[in-house]
S.K.: 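Below you will find the structure I want to go over with you.
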Amino acid sequence: MSNEKKQWDPSQLRKYDISLEQIPRYDYCDPRVDEIMDENVRQKPVIIQNSNVVASAKKWNLDYLEKYMGNGDYTVFLSRNHKFKYYDDKKVAKINNGDMGKNVEFTQPTKKVDMKLPEFLKRLKEWKRGDDRLYLQQGLNNTVGPEIVRDFLNFDWDFCNGKQTKHNWGPLTYNLLLIAMEGNVTPCHYDEQQNLFAQIYGYKRCILFPPSQFECLYPYPVYHPHDRQSMVDFDRPDYSKFPKFKEAKGYEAVIGPGDVLYIPIYWWHHIESLMRGGHTITVNFWYKDGPNSSISYPLKDYQKVAIMRNIEKMLQDVLKDPREVGPLLRTMVLGRFTE
Ligand SMILES: O=C(O)CCC(=O)C(=O)O
Ligand SMILES: [Fe+2]
(Lines give C-alpha, C1' and ligand atoms only; values in the text may rest on other atoms or scores of the structure.)
(Ligands and ions follow the chains in the order given, each with its own letter.)
Protein backbone atom coordinates (compact mmCIF):
# COMPACT_ATOMS: atom_id res chain seq x y z
CA MET A 1 0.00 0.00 0.00
CA SER A 2 1.28 3.42 -0.78
CA ASN A 3 0.78 6.08 1.83
CA GLU A 4 0.01 8.63 -0.83
CA LYS A 5 -3.07 10.64 0.10
CA LYS A 6 -6.07 9.81 -2.06
CA GLN A 7 -6.59 12.73 -4.42
CA TRP A 8 -10.36 12.50 -4.73
CA ASP A 9 -13.23 10.31 -3.62
CA PRO A 10 -16.35 9.03 -5.40
CA SER A 11 -18.64 11.45 -3.55
CA GLN A 12 -17.10 14.20 -5.71
CA LEU A 13 -18.52 12.63 -8.88
CA ARG A 14 -21.94 13.62 -10.16
CA LYS A 15 -24.45 10.79 -10.13
CA TYR A 16 -25.77 9.50 -13.44
CA ASP A 17 -27.78 6.44 -14.30
CA ILE A 18 -25.44 5.15 -16.99
CA SER A 19 -23.57 1.88 -17.27
CA LEU A 20 -19.85 2.71 -17.27
CA GLU A 21 -16.57 0.85 -17.48
CA GLN A 22 -13.09 2.20 -16.79
CA ILE A 23 -10.83 3.60 -19.50
CA PRO A 24 -7.48 1.76 -19.34
CA ARG A 25 -4.31 3.59 -18.19
CA TYR A 26 -0.80 2.83 -19.36
CA ASP A 27 2.64 4.30 -19.07
CA TYR A 28 3.58 6.35 -22.17
CA CYS A 29 6.24 3.74 -23.05
CA ASP A 30 3.82 0.83 -22.96
CA PRO A 31 3.17 -0.55 -26.47
CA ARG A 32 -0.48 -1.12 -25.55
CA VAL A 33 -1.05 2.66 -25.83
CA ASP A 34 -0.53 2.64 -29.58
CA GLU A 35 -2.42 -0.62 -30.02
CA ILE A 36 -5.47 0.97 -28.42
CA MET A 37 -5.08 4.20 -30.40
CA ASP A 38 -4.50 2.40 -33.73
CA GLU A 39 -7.08 3.51 -36.30
CA ASN A 40 -7.21 0.13 -37.98
CA VAL A 41 -7.51 -1.91 -34.83
CA ARG A 42 -9.50 -0.22 -32.12
CA GLN A 43 -9.20 3.56 -32.03
CA LYS A 44 -10.38 3.57 -28.45
CA PRO A 45 -9.72 6.01 -25.62
CA VAL A 46 -6.73 5.45 -23.35
CA ILE A 47 -5.05 7.40 -20.57
CA ILE A 48 -1.35 7.94 -21.16
CA GLN A 49 0.59 8.27 -17.90
CA ASN A 50 3.97 9.76 -17.03
CA SER A 51 4.59 11.48 -20.35
CA ASN A 52 6.13 14.94 -20.30
CA VAL A 53 3.72 16.37 -22.84
CA VAL A 54 2.86 19.41 -20.72
CA ALA A 55 5.58 19.12 -18.06
CA SER A 56 6.67 22.70 -18.83
CA ALA A 57 3.18 23.80 -17.76
CA LYS A 58 3.29 22.07 -14.36
CA LYS A 59 3.97 25.47 -12.85
CA TRP A 60 0.83 27.00 -14.38
CA ASN A 61 -1.02 27.79 -11.19
CA LEU A 62 -3.32 30.81 -11.03
CA ASP A 63 -0.62 33.15 -9.66
CA TYR A 64 1.80 32.23 -12.44
CA LEU A 65 -0.85 32.68 -15.10
CA GLU A 66 -1.88 36.03 -13.64
CA LYS A 67 1.72 37.17 -13.78
CA TYR A 68 2.56 35.93 -17.26
CA MET A 69 -0.58 35.51 -19.37
CA GLY A 70 -0.39 39.12 -20.46
CA ASN A 71 -3.07 41.73 -20.77
CA GLY A 72 -5.09 40.14 -23.56
CA ASP A 73 -8.83 39.61 -23.70
CA TYR A 74 -9.64 35.98 -23.12
CA THR A 75 -12.80 34.08 -23.88
CA VAL A 76 -14.83 33.29 -20.79
CA PHE A 77 -18.22 31.60 -20.67
CA LEU A 78 -20.70 32.50 -17.93
CA SER A 79 -23.45 30.10 -16.90
CA ARG A 80 -26.33 30.31 -14.41
CA ASN A 81 -25.86 26.61 -13.60
CA HIS A 82 -23.07 24.01 -13.70
CA LYS A 83 -23.50 23.21 -17.40
CA PHE A 84 -21.62 24.89 -20.22
CA LYS A 85 -23.28 23.57 -23.35
CA TYR A 86 -21.40 24.70 -26.45
CA TYR A 87 -23.20 26.54 -29.28
CA ASP A 88 -22.03 27.59 -32.72
CA ASP A 89 -22.14 31.39 -33.14
CA LYS A 90 -22.41 31.12 -36.94
CA LYS A 91 -25.50 28.93 -36.65
CA VAL A 92 -27.02 31.33 -34.12
CA ALA A 93 -26.45 34.18 -36.60
CA LYS A 94 -28.21 32.22 -39.37
CA ILE A 95 -31.25 31.77 -37.16
CA ASN A 96 -31.26 35.44 -36.15
CA ASN A 97 -30.98 36.50 -39.81
CA GLY A 98 -34.11 34.50 -40.57
CA ASP A 99 -32.21 32.03 -42.79
CA MET A 100 -33.93 29.12 -41.04
CA GLY A 101 -37.45 30.51 -41.36
CA LYS A 102 -39.59 31.98 -38.62
CA ASN A 103 -40.15 28.84 -36.62
CA VAL A 104 -36.69 28.32 -35.27
CA GLU A 105 -35.72 30.09 -32.08
CA PHE A 106 -32.63 29.78 -29.97
CA THR A 107 -31.63 31.15 -26.58
CA GLN A 108 -27.98 30.94 -25.66
CA PRO A 109 -27.55 28.86 -22.50
CA THR A 110 -24.29 30.60 -21.59
CA LYS A 111 -22.87 34.07 -22.19
CA LYS A 112 -19.56 34.41 -24.00
CA VAL A 113 -17.56 37.42 -22.84
CA ASP A 114 -14.05 38.83 -23.23
CA MET A 115 -12.22 39.18 -19.95
CA LYS A 116 -8.75 40.11 -18.80
CA LEU A 117 -7.12 37.44 -16.69
CA PRO A 118 -7.00 39.46 -13.41
CA GLU A 119 -10.75 40.09 -13.65
CA PHE A 120 -11.41 36.38 -14.27
CA LEU A 121 -9.24 35.35 -11.31
CA LYS A 122 -10.83 37.94 -9.02
CA ARG A 123 -14.29 36.63 -9.86
CA LEU A 124 -13.07 33.06 -9.34
CA LYS A 125 -11.70 33.88 -5.88
CA GLU A 126 -14.70 35.90 -4.79
CA TRP A 127 -17.30 33.54 -6.23
CA LYS A 128 -20.31 32.75 -4.04
CA ARG A 129 -23.51 30.77 -4.56
CA GLY A 130 -25.91 32.57 -6.83
CA ASP A 131 -23.14 34.16 -8.95
CA ASP A 132 -22.68 33.11 -12.56
CA ARG A 133 -20.24 30.25 -12.88
CA LEU A 134 -17.17 30.92 -15.04
CA TYR A 135 -15.22 28.83 -17.53
CA LEU A 136 -12.21 30.24 -19.41
CA GLN A 137 -11.66 28.60 -22.81
CA GLN A 138 -8.92 30.34 -24.73
CA GLY A 139 -6.87 29.21 -27.70
CA LEU A 140 -3.14 29.35 -27.05
CA ASN A 141 -2.18 31.91 -29.66
CA ASN A 142 0.08 34.95 -29.86
CA THR A 143 -2.06 36.98 -27.42
CA VAL A 144 -0.54 35.12 -24.48
CA GLY A 145 2.64 36.50 -22.91
CA PRO A 146 6.21 35.44 -23.88
CA GLU A 147 6.76 33.23 -20.78
CA ILE A 148 3.64 31.26 -21.61
CA VAL A 149 4.76 30.99 -25.22
CA ARG A 150 8.09 29.64 -23.98
CA ASP A 151 6.40 27.01 -21.81
CA PHE A 152 4.22 26.15 -24.80
CA LEU A 153 7.26 25.71 -27.06
CA ASN A 154 8.71 23.42 -24.38
CA PHE A 155 5.76 21.02 -24.53
CA ASP A 156 6.95 17.57 -25.58
CA TRP A 157 6.22 18.11 -29.28
CA ASP A 158 8.19 14.99 -30.21
CA PHE A 159 5.66 12.92 -28.30
CA CYS A 160 2.65 14.64 -29.89
CA ASN A 161 4.12 14.60 -33.40
CA GLY A 162 4.98 10.94 -32.87
CA LYS A 163 1.33 10.12 -32.16
CA GLN A 164 0.25 12.25 -35.12
CA THR A 165 2.56 10.37 -37.52
CA LYS A 166 1.95 6.92 -36.10
CA HIS A 167 -1.82 7.25 -36.25
CA ASN A 168 -2.09 9.11 -39.53
CA TRP A 169 -3.60 12.29 -38.16
CA GLY A 170 -3.75 15.51 -40.12
CA PRO A 171 -2.25 18.79 -38.87
CA LEU A 172 -2.54 20.18 -35.34
CA THR A 173 -5.25 22.86 -35.54
CA TYR A 174 -5.57 24.23 -32.06
CA ASN A 175 -4.53 24.10 -28.42
CA LEU A 176 -7.31 25.18 -26.12
CA LEU A 177 -6.50 26.29 -22.56
CA LEU A 178 -9.38 25.45 -20.22
CA ILE A 179 -9.65 26.89 -16.71
CA ALA A 180 -12.80 25.67 -14.95
CA MET A 181 -14.42 26.22 -11.59
CA GLU A 182 -14.98 23.11 -9.49
CA GLY A 183 -18.19 21.33 -10.47
CA ASN A 184 -18.34 22.79 -14.00
CA VAL A 185 -19.66 20.40 -16.64
CA THR A 186 -19.15 20.34 -20.38
CA PRO A 187 -22.19 18.32 -21.50
CA CYS A 188 -21.90 15.34 -23.81
CA HIS A 189 -20.84 16.12 -27.40
CA TYR A 190 -18.45 14.93 -30.09
CA ASP A 191 -15.79 16.84 -32.05
CA GLU A 192 -14.63 16.27 -35.61
CA GLN A 193 -10.99 16.11 -34.52
CA GLN A 194 -8.56 13.81 -32.74
CA ASN A 195 -7.83 15.07 -29.22
CA LEU A 196 -4.92 14.67 -26.83
CA PHE A 197 -6.43 16.06 -23.64
CA ALA A 198 -3.63 16.94 -21.21
CA GLN A 199 -4.53 17.56 -17.57
CA ILE A 200 -2.35 20.12 -15.80
CA TYR A 201 -4.06 20.92 -12.50
CA GLY A 202 -6.97 19.44 -10.56
CA TYR A 203 -9.15 16.48 -11.46
CA LYS A 204 -11.65 15.95 -14.23
CA ARG A 205 -14.04 13.08 -14.71
CA CYS A 206 -14.50 12.14 -18.35
CA ILE A 207 -17.33 9.96 -19.67
CA LEU A 208 -16.94 8.77 -23.26
CA PHE A 209 -19.16 6.87 -25.72
CA PRO A 210 -18.20 5.44 -29.11
CA PRO A 211 -19.61 6.91 -32.36
CA SER A 212 -21.72 3.74 -32.78
CA GLN A 213 -23.97 5.02 -29.97
CA PHE A 214 -25.35 7.86 -32.10
CA GLU A 215 -28.89 6.50 -31.65
CA CYS A 216 -28.59 6.39 -27.85
CA LEU A 217 -27.33 9.95 -27.53
CA TYR A 218 -29.68 11.89 -29.82
CA PRO A 219 -27.55 14.71 -31.25
CA TYR A 220 -29.30 17.96 -32.20
CA PRO A 221 -29.88 18.38 -35.94
CA VAL A 222 -26.81 19.60 -37.81
CA TYR A 223 -28.28 23.03 -38.65
CA HIS A 224 -28.90 23.70 -34.94
CA PRO A 225 -26.45 25.83 -32.90
CA HIS A 226 -26.09 22.84 -30.56
CA ASP A 227 -24.96 20.64 -33.49
CA ARG A 228 -22.74 17.76 -32.19
CA GLN A 229 -24.20 18.07 -28.67
CA SER A 230 -26.47 15.43 -27.15
CA MET A 231 -30.07 16.54 -26.55
CA VAL A 232 -30.17 14.30 -23.46
CA ASP A 233 -29.81 16.11 -20.16
CA PHE A 234 -27.71 13.65 -18.14
CA ASP A 235 -29.01 15.14 -14.87
CA ARG A 236 -32.64 14.43 -15.76
CA PRO A 237 -32.89 12.24 -18.87
CA ASP A 238 -36.31 12.41 -20.53
CA TYR A 239 -36.70 8.71 -21.33
CA SER A 240 -40.04 9.24 -23.08
CA LYS A 241 -38.30 11.43 -25.67
CA PHE A 242 -34.96 9.61 -25.61
CA PRO A 243 -35.72 5.95 -24.75
CA LYS A 244 -32.53 4.53 -26.20
CA PHE A 245 -30.43 6.56 -23.79
CA LYS A 246 -31.16 3.69 -21.35
CA GLU A 247 -28.99 1.49 -23.58
CA ALA A 248 -26.01 3.86 -23.63
CA LYS A 249 -22.83 2.22 -22.34
CA GLY A 250 -19.91 4.47 -21.64
CA TYR A 251 -16.29 4.51 -20.56
CA GLU A 252 -15.11 6.71 -17.76
CA ALA A 253 -11.98 7.93 -16.03
CA VAL A 254 -10.86 10.57 -13.59
CA ILE A 255 -7.74 12.26 -14.88
CA GLY A 256 -5.29 14.31 -12.86
CA PRO A 257 -2.02 16.23 -13.36
CA GLY A 258 0.29 14.45 -15.79
CA ASP A 259 -2.44 12.33 -17.39
CA VAL A 260 -3.18 12.65 -21.10
CA LEU A 261 -6.51 11.27 -22.27
CA TYR A 262 -6.79 10.31 -25.92
CA ILE A 263 -10.32 11.19 -27.12
CA PRO A 264 -10.71 9.61 -30.55
CA ILE A 265 -12.33 11.61 -33.33
CA TYR A 266 -16.19 11.56 -33.21
CA TRP A 267 -16.19 9.95 -29.76
CA TRP A 268 -18.79 11.49 -27.46
CA HIS A 269 -17.44 13.06 -24.28
CA HIS A 270 -18.90 14.59 -21.13
CA ILE A 271 -16.36 16.31 -18.88
CA GLU A 272 -16.81 17.48 -15.30
CA SER A 273 -14.42 19.18 -12.92
CA LEU A 274 -14.87 17.30 -9.65
CA MET A 275 -17.21 18.84 -7.10
CA ARG A 276 -15.36 20.37 -4.11
CA GLY A 277 -12.10 19.73 -5.96
CA GLY A 278 -11.02 23.32 -6.60
CA HIS A 279 -10.42 24.75 -10.07
CA THR A 280 -8.98 22.71 -12.93
CA ILE A 281 -6.54 23.50 -15.74
CA THR A 282 -6.29 21.53 -19.00
CA VAL A 283 -4.67 22.02 -22.40
CA ASN A 284 -5.96 20.03 -25.35
CA PHE A 285 -4.33 19.24 -28.68
CA TRP A 286 -6.79 19.01 -31.57
CA TYR A 287 -5.66 17.32 -34.78
CA LYS A 288 -7.52 17.05 -38.06
CA ASP A 289 -8.43 13.62 -39.35
CA GLY A 290 -5.83 12.08 -41.65
CA PRO A 291 -5.79 13.44 -45.22
CA ASN A 292 -6.08 10.01 -46.75
CA SER A 293 -7.73 8.19 -43.88
CA SER A 294 -8.11 5.85 -46.80
CA ILE A 295 -11.60 4.56 -47.41
CA SER A 296 -11.66 0.84 -46.78
CA TYR A 297 -14.68 -1.37 -46.23
CA PRO A 298 -16.51 -1.94 -44.03
CA LEU A 299 -16.62 1.76 -43.22
CA LYS A 300 -15.87 2.78 -39.66
CA ASP A 301 -18.70 3.95 -37.42
CA TYR A 302 -17.38 7.51 -37.34
CA GLN A 303 -17.23 7.64 -41.13
CA LYS A 304 -20.92 6.75 -41.20
CA VAL A 305 -21.66 9.62 -38.81
CA ALA A 306 -19.77 11.91 -41.20
CA ILE A 307 -21.91 10.62 -44.10
CA MET A 308 -25.11 11.31 -42.14
CA ARG A 309 -23.92 14.84 -41.40
CA ASN A 310 -23.33 15.48 -45.10
CA ILE A 311 -26.75 14.20 -46.13
CA GLU A 312 -28.42 16.31 -43.45
CA LYS A 313 -26.53 19.42 -44.55
CA MET A 314 -27.41 18.84 -48.18
CA LEU A 315 -31.13 18.43 -47.43
CA GLN A 316 -31.17 21.52 -45.22
CA ASP A 317 -29.45 23.53 -47.95
CA VAL A 318 -32.00 22.65 -50.63
CA LEU A 319 -35.17 22.47 -48.50
CA LYS A 320 -34.30 25.61 -46.48
CA ASP A 321 -36.85 24.77 -43.78
CA PRO A 322 -35.57 22.35 -41.10
CA ARG A 323 -39.12 21.12 -40.55
CA GLU A 324 -39.12 19.58 -44.02
CA VAL A 325 -36.02 17.43 -43.52
CA GLY A 326 -37.62 14.75 -41.30
CA PRO A 327 -40.74 14.16 -43.44
CA LEU A 328 -38.65 13.87 -46.61
CA LEU A 329 -36.32 11.33 -45.03
CA ARG A 330 -39.30 9.39 -43.69
CA THR A 331 -40.93 9.26 -47.15
CA MET A 332 -37.68 8.09 -48.65
CA VAL A 333 -37.19 5.28 -46.14
CA LEU A 334 -40.55 3.94 -44.92
CA GLY A 335 -41.62 0.74 -46.61
CA ARG A 336 -38.64 0.94 -48.97
CA PHE A 337 -35.60 0.61 -46.69
CA THR A 338 -37.53 -0.71 -43.67
CA GLU A 339 -38.77 -4.23 -43.03
O1 LIG B 1 -12.72 20.03 -20.63
C2 LIG B 1 -13.83 20.38 -21.00
O3 LIG B 1 -14.64 20.91 -20.22
C4 LIG B 1 -14.27 20.19 -22.42
C5 LIG B 1 -13.14 19.87 -23.35
C6 LIG B 1 -13.56 19.35 -24.68
O7 LIG B 1 -14.72 19.14 -24.97
C8 LIG B 1 -12.52 19.06 -25.69
O9 LIG B 1 -11.32 19.24 -25.41
O10 LIG B 1 -12.88 18.63 -26.80
FE1 LIG C 1 -14.94 18.41 -26.96
Side-chain angles (χ1 to χ4, degrees), residues 12-14 16 23 43 45-48 53-54 57 60 74-79 81-88 109-110 112 120 124 133-140 155 160 163 169-170 172-211 213-214 217 219-220 225-230 234-235 250-257 259-275 277-289 302 305 309:
Q12 292 176 272
L13 308 179
R14 293 183 182 275
Y16 303 114
I23 298 173
Q43 194 161 108
V46 59
I47 297 165
I48 308 166
V53 173
V54 291
W60 288 11
Y74 300 115
T75 303
V76 174
F77 291 91
L78 303 175
S79 176
N81 58 36
H82 58 279
K83 284 181 281 228
F84 290 75
K85 196 195 264 183
Y86 174 81
Y87 52 89
D88 182 333
T110 61
K112 186 181 182 179
F120 171 74
L124 217 58
R133 281 172 169 273
L134 299 103
Y135 202 156
L136 182 141
Q137 302 190 3
Q138 172 64 40
L140 287 175
F155 286 173
C160 303
K163 292 287 173 255
W169 299 346
L172 176 77
T173 58
Y174 215 64
N175 290 97
L176 195 66
L177 169 66
L178 300 125
I179 308 180
M181 284 178 54
E182 61 184 18
N184 282 7
V185 170
T186 296
C188 194
H189 67 281
Y190 65 88
D191 299 306
E192 297 171 279
Q193 309 223 29
Q194 305 280 6
N195 191 348
L196 291 174
F197 190 73
Q199 191 59 11
I200 291 174
Y201 187 90
Y203 291 81
K204 273 179 164 171
R205 187 237 205 140
C206 310
I207 303 179
L208 275 62
F209 304 89
Q213 292 190 24
F214 189 93
L217 289 159
Y220 285 84
H226 286 317
D227 176 26
R228 299 186 290 98
Q229 318 291 305
S230 172
F234 281 23
D235 293 327
Y251 297 82
E252 76 167 324
V254 174
I255 57 168
D259 290 337
V260 176
L261 170 65
Y262 166 53
I263 308 177
I265 186 165
Y266 284 92
W267 273 63
W268 296 87
H269 46 288
H270 152 112
I271 295 180
E272 61 187 58
S273 294
L274 299 202
M275 297 186 288
H279 66 275
T280 63
I281 306 181
T282 317
V283 169
N284 76 13
F285 296 69
W286 267 320
Y287 290 87
K288 282 212 166 114
D289 198 10
Y302 87 85
V305 174
R309 294 182 60 82

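Every number for a ligand or one of its atoms is a count from 1 in the order of the listing. Side-chain atoms are counted along with the backbone in the values below, which use heavy atoms only and exclude waters and symmetry mates.
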S.K.: Among the N, O or S atoms that His269 has, which is closest to the Fe ion (ligand 2)?
M.R.: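 Closest N, O or S atom of His269 to the Fe ion (ligand 2): NE2.
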S.K.: In the protein, which heavy atom is nearest to atom 9 (O) of ligand 1, and how far is it?
M.R.: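 Going atom by atom, the protein heavy atom closest to atom 9 (O) of ligand 1 ends up being Asn284 ND2, 2.8 Å.
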S.K.: Which one of Gln199, His189, Lys204, Gln193 has a non-hydrogen atom at the shortest distance from atom 1 (O) of ligand 1?
M.R.: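 Looking at heavy atoms only, Lys204 sits closest to atom 1 (O) of ligand 1.
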S.K.: Would you compute the distance between atom NE2 of His189 and atom OH of Tyr86 and round it to the nearest 0.5 angstrom?
M.R.: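 These two atoms lie 9.5 Å from each other.
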S.K.: What protein heavy atom sits nearest atom 6 (C) of ligand 1, and how far off is it?
M.R.: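 The closest heavy atom on the protein side is His269 NE2, 3.8 Å.
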S.K.: Ignoring hydrogens, what is the shortest heavy-atom contact between Ala57 and Ile200? Give both atom names and the distance.
M.R.: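 Scanning both residues completely, I find the closest heavy atoms to be O-CG2, 3.3 Å.
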S.K.: Hey, which N, O or S atom on Asp191 ends up closest to the Fe ion (ligand 2)?
M.R.: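 It is OD2, the N, O or S atom of Asp191 closest to the Fe ion (ligand 2).
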S.K.: Step by step, work out the side-chain hydrogen bond (donor to acceptor under 3.5 Å, both in side chains) result for Tyr262 and Gln194.
M.R.: CA-CA 8 Å; Tyr262 166 53; Gln194 305 280 6; 2.7 Å; yes
S.K.: I'd like to check which ligand 1 atoms, numbered from 1 as shown, lie under 4.0 Å from a non-hydrogen atom of Phe197.
M.R.: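 Every atom of ligand 1 under 4.0 Å from some heavy atom of Phe197: 1 (O), 5 (C), 9 (O).
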S.K.: Quick check on the 6.0 Å ring-centre criterion: do His270 and Tyr16 meet it?
M.R.: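 Between Tyr16 and His270, which both carry aromatic rings, the centre distance is below 6.0 Å.
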S.K.: I'd like to know whether ligand 1 has Thr282 as a neighbour, heavy-atom separation below 4.0 Å.
M.R.: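 Contact absent.
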S.K.: Which option out of Tyr86, Tyr135, Phe84 puts a heavy atom nearest to atom 2 (C) of ligand 1?
M.R.: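 Comparing heavy atoms across Tyr86, Tyr135, Phe84, the nearest one to atom 2 (C) of ligand 1 lies in Tyr135.
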S.K.: Within a distance under 4.0 Å of any heavy atom of Trp286, pick out the atoms of ligand 1 and give their elements.
M.R.: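 Every atom of ligand 1 under 4.0 Å from some heavy atom of Trp286: 8 (C), 9 (O), 10 (O).
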S.K.: Among all protein heavy atoms, pick out the one at the shortest distance from atom 8 (C) of ligand 1; state its residue, atom name and that distance to 0.1 Å.
M.R.: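 Heavy-atom neighbour on the protein nearest atom 8 (C) of ligand 1: Asn195 ND2, 3.4 Å.
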S.K.: Can you tell me the protein heavy atom closest to atom 4 (C) of ligand 1 and the distance?
M.R.: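 Minimum-distance protein heavy atom for atom 4 (C) of ligand 1 reads Thr186 OG1, 3.5 Å.
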S.K.: Measure the distance from atom 10 (O) of ligand 1 to every protein heavy atom, then report the residue, atom name and distance (to 0.1 Å) of the closest one.
M.R.: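 Here the nearest protein heavy atom works out to Asp191 OD2, 2.8 Å.
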S.K.: Rounded to the nearest 0.5 Å, what's the gap from CG on Asn184 to CD1 on Ile179? Could you check?
M.R.: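 If we round to the nearest 0.5 Å, Asn184:CG and Ile179:CD1 are 12.0 Å apart.
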S.K.: Is the ring pair Phe155/Phe285 parallel, tilted or perpendicular, if the boundaries are 30 and 60 degrees?
M.R.: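 Rings of Phe155 and Phe285: tilted, 30 to 60°.
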S.K.: Could you check whether the rings of Tyr135 and Phe84 sit parallel, tilted or perpendicular, using 30° and 60° as the cut-offs?
M.R.: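 Tyr135 and Phe84: perpendicular rings.
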S.K.: Quick check, are the ring centers of Phe234 and Trp268 under 6.0 angstrom apart?
M.R.: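 Centroid separation for Phe234 and Trp268: 6.0 Å or greater.
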S.K.: Which value, rounded to the nearest 0.5 Å, describes the distance between Lys163 atom NZ and Leu196 atom CG?
M.R.: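 Atom-to-atom, Lys163:NZ and Leu196:CG are 8.5 Å apart.
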S.K.: Below 4.0 Å, non-hydrogen atoms only: which portion of Ile263 touches ligand 1? Side chain, backbone, both or neither.
M.R.: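 Under 4.0 Å from ligand 1, Ile263 contributes no heavy atoms.
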